[in-house]
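Since the structure comes first, as structure tokens, the remarks are kept for the end.
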Amino acid sequence: MIVCAKVFRAKPHNENQVNVMKYLASILQLNFWYPDSELHIVREMEVDFYVSADQSNIVQSLMEKNKIQYEVLFPNLKEVIEKQVSKETNSTSRHSYTKYNEWHKAIQTYGMDQNMTNILDNMNFYILPVFNIDGYIWSWTQVPCKVSLFFYSAPDLNRLWRKSRSNTSNSDCVGVDLNRNFGVEWGTVDSSKNPCKETYCGSSAESEPETKAVTTFIRNHLSSIKAYLTVHSYSQMLLFPYGYTQDEIPDHDELNEVAKEAVKAISSLYGEEYKYGSSAITIYPASGCSEDWAYSQGIKYSFAFELRDKGKYGFLLPESQIKPTCQEIVLAVKVIANYVLNQTL
């Protein structure tokens with residue numbers, strides 16, 4: 001059996017161990033799931049990353065030598081992704097709109113559910129199902145598994161593709177991290193000007209057509225947009241601005257209270273616990289993010305969801321958890337929508 005990569009979870013307990021983790025990232029190709037780069041590693045943080053099989057022994061050896069607590073989440077990442085790809089390939093349809101679209105099901109209760117009826121009578125929802133459509137399509141493509149000291153990719157690991165698929169730089173590296181491409185403190189915090197990095201922020205703010213499409217639409221409808229919600233994975237969090245600084249926004253207390261009630265609604269269904277708070281403090285600092293940009297445009301109720309789970313499966317959430325995740329998040333959206341309605345009607 002070919003093993004292309006392993007996924008680790010490490011937890012450094014002191015500064016020396018933190019430095020060892022950062023050193024590993026500097027000499028090996030560590031692909032971070034959480035946090036998104038070695039810059040954010042601190043004591044007592046659970047750090048999720050994958051590394052090629054030929055480098056995994058070096059990683060384990062150095063972590064053991066420095067007594068870093070770790071576990072292997074996926075001993076064979078290739079096998080896990082192949083199962084998902086095989087299941088999708090053998091199905092009659094890759095995606096069923098009605099199977100997972102809980103919002104579609106929710107609006108069918110119009111006229112029967114008083115709460116939903118009130119929301120739909122008084123609000124318009126603009127929904128963009130997939131922001132990074134080219135990246136998503138690419139994530140289902142297949143290329144040969146290659147492992148070397150200088151290059152690592154796998155058919156399966158395209159499923160973990162993060163960036164867009166544009167090539168606007170003078171580099172062989174493809175793609176921009178679209179959630180670092182918005183024009184708010186662009187290129188300042190946790191973003192890279194190196195096109196080969198996962199957090200490459202683009203050649204300029206709004207350089208990417210996907211970003212420009214979203215910002216243009218919002219600007220054209222700004223007078224009527226009262227809330228902005230963006231959905232990501234993973235970590236189980238509900239976040240609000242700022243992301244680029246730990247300073248509090250003027251509306252911090254209000255948004256914090258809204259987020260608190262929203263995560264209560266999430267927990268009420270299946271008991272899942274979500275953290276909430278400002279992005280920079282609750283997850284990690286980052287600039288050029290869409291929720292910060294929306295807030296800077298005057299959209300006060302700007303939130304970012306980080307969906308299930310907390311790292312056991314990470315970006316490879318089992319299909320069985322997709323529908324429950326959708327159901328609990330719809331409850332949070334309804335809480336936010338009701339609050340916004342009460343403030344604006």
Side-chain angles (χ1 to χ4, degrees), residues 22 25 32-42 45 128 131-132 135 162-164 166 168-169 171 173 175-222 225-235 237-256 258-259 275-306 336:
K22 292 181 177 180
F32 287 94
W33 281 10
Y34 183 88
D36 64 357
S37 80
E38 69 274 13
L39 298 175
H40 299 305
I41 299 176
V42 295
M45 172 182 282
L128 177 62
F131 178 32
N132 184 13
R162 174 189 177 98
K163 299 192 288 183
S164 67
S166 65
T168 56
S169 67
S171 167
C173 296
V176 170
D177 183 343
L178 297 176
N179 204 37
R180 299 292 186 277
N181 191 234
F182 286 81
V184 55
E185 298 296 320
W186 176 83
T188 58
V189 181
D190 187 39
S191 61
S192 175
K193 300 295 178 66
N194 182 346
C196 296
K197 293 293 186 179
E198 288 286 84
T199 55
Y200 175 53
C201 59
S203 58
S204 62
E206 298 185 30
S207 62
E208 303 311 294
E210 297 92 340
T211 312
K212 180 62 71 174
V214 170
T215 56
T216 298
F217 180 88
I218 289 177
R219 288 187 179 107
N220 289 341
H221 296 81
L222 195 56
I225 295 178
K226 305 302 179 185
Y228 174 83
L229 309 178
T230 180
V231 182
H232 307 251
S233 67
Y234 62 94
S235 291
M237 296 178 180
L238 180 53
L239 311 169
F240 53 84
Y242 295 119
Y244 60 84
T245 175
Q246 293 189 356
D247 293 345
E248 292 185 354
I249 59 173
D251 306 294
H252 176 275
D253 291 347
E254 182 182 4
L255 268 61
N256 195 64
V258 175
K275 291 183 180 179
Y276 64 93
S278 63
S279 297
I281 294 176
T282 309
I283 186 166
Y284 46 72
S287 61
C289 300
S290 67
E291 64 272 22
D292 277 358
W293 179 84
Y295 184 81
S296 74
Q297 300 300 300
I299 304 174
K300 178 163 71 168
Y301 303 106
S302 181
F303 294 94
F305 287 92
E306 294 285 349
I336 295 171

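In what follows, residues are counted from 1 in the order of the sequence shown.
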If a pair satisfies ring pair (Phe, Tyr, Trp, His ring centres under 6.0 Å) and one of its residues is in residues 184-204, list it, with sequence neighbours excluded.
none
SG (Cys289) and OH (Tyr242) are apart, to the nearest 0.5 Å, by 14.0 Å
Taken to the nearest 0.5 Å, the spacing of Ile225 CD1 from Arg219 CZ works out to 11.5 Å
Compare all side-chain heavy atoms of Ile283 with those of Lys275 and state whether any distance is below 4.5 angstrom.
no
Check the orientation of Tyr34 and Tyr234. Use parallel for under 30°, tilted for 30 to 60°, and perpendicular for over 60°.
tilted
Under 4.5 Å between any side-chain heavy atoms of Thr282 and Tyr276, yes or no?
no
With sequence neighbours left out, the residues meeting side-chain hydrogen bond (donor to acceptor under 3.5 Å, both in side chains) with Ser279 are none
Heavy-atom nearest pair, Arg180 first then Cys201, reads O-CB, 3.3 Å
What pair of heavy atoms forms the shortest contact from Cys196 to Ser171, and how long is it?
SG-OG, 3.7 Å
Which distance, rounded to the nearest 0.5 Å, do you find between the CG of Asn256 and the CG of Leu238?
9.5 Å
Heavy atoms, side chains only, cut-off 4.5 Å: are Val258 and Phe240 in contact?
no
Test Leu128 against Phe217 for side chain to side chain contact (heavy atoms under 4.5 Å, CB included), laying out the working first.
CA-CA 11 Å; Leu128 177 62; Phe217 180 88; over 6 Å; no
Is it the case that the side chain of Asn181 and the backbone of Glu208 share a donor-acceptor pair, with hydrogens and angles ignored and the cut-off at 3.5 Å?
yes
Nearest-0.5 Å distance that lies between atom NZ in Lys197 and atom NZ in Lys163:
10.0 Å
Please list, chain by chain and in numerical order, all residues satisfying salt bridge (charged side-chain N to carboxylate O under 4.0 Å, His left out) with Lys22, sequence neighbours excluded.
none
Contacts of Ser235 that satisfy side-chain hydrogen bond (donor to acceptor under 3.5 Å, both in side chains) - sequence neighbours left out
none
Value rounded to 0.5 Å, distance of NE2 in His252 from CG in Asp247
11.0 Å
Is there side-chain contact between Asp177 and Glu198, with heavy atoms separated by less than 4.5 Å?
no
Parallel, tilted or perpendicular, as decided by the 30° and 60° cut-offs, for the rings of Phe182 and Trp293
tilted
I'd like to check the salt bridge (charged side-chain N to carboxylate O under 4.0 Å, His left out) partners of Glu306; sequence neighbours left out, ordered by chain and number.
none
For Thr230, all residues meeting side-chain contact (heavy atoms from CB on, under 4.5 Å), sequence neighbours excluded:
Tyr228, His232, Ser290, Glu291, Ala304
Hey, does Ile299 have a side-chain heavy atom less than 4.5 Å from the side chain of Leu222?
yes
List in chain and number order the residues that pass side-chain contact (heavy atoms from CB on, under 4.5 Å) with Asp251, two or more places apart in sequence or in another chain; answer none if no residue qualifies.
Ile249, Glu254, Leu255, Tyr295, Lys300
So do Phe131 and Thr211 actually touch side chain to side chain, heavy atoms under 4.5 Å?
yes
Only counting residues at least two apart or in another chain, list the ones meeting side-chain hydrogen bond (donor to acceptor under 3.5 Å, both in side chains) with Asn179.
none
So, taking the atom named OH in Tyr284 and the one named CG in Asp36, what distance separates them when rounded to the nearest 0.5 Å?
3.5 Å
How would you list, by chain and number, every residue that makes a salt bridge (charged side-chain N to carboxylate O under 4.0 Å, His left out) with Glu248, sequence neighbours excluded?
none
How would you list, by chain and number, every residue that makes a side-chain contact (heavy atoms from CB on, under 4.5 Å) with Ser287, sequence neighbours excluded?
Glu185, Thr188, Val189, Ser191, Tyr244
Sorted by chain and number, sequence neighbours left out, side-chain contact (heavy atoms from CB on, under 4.5 Å) with Ser37 holds for Leu39, His40, Asp190
side-chain hydrogen bond (donor to acceptor under 3.5 Å, both in side chains) against Ser278, all qualifying residues, sequence neighbours excluded
none
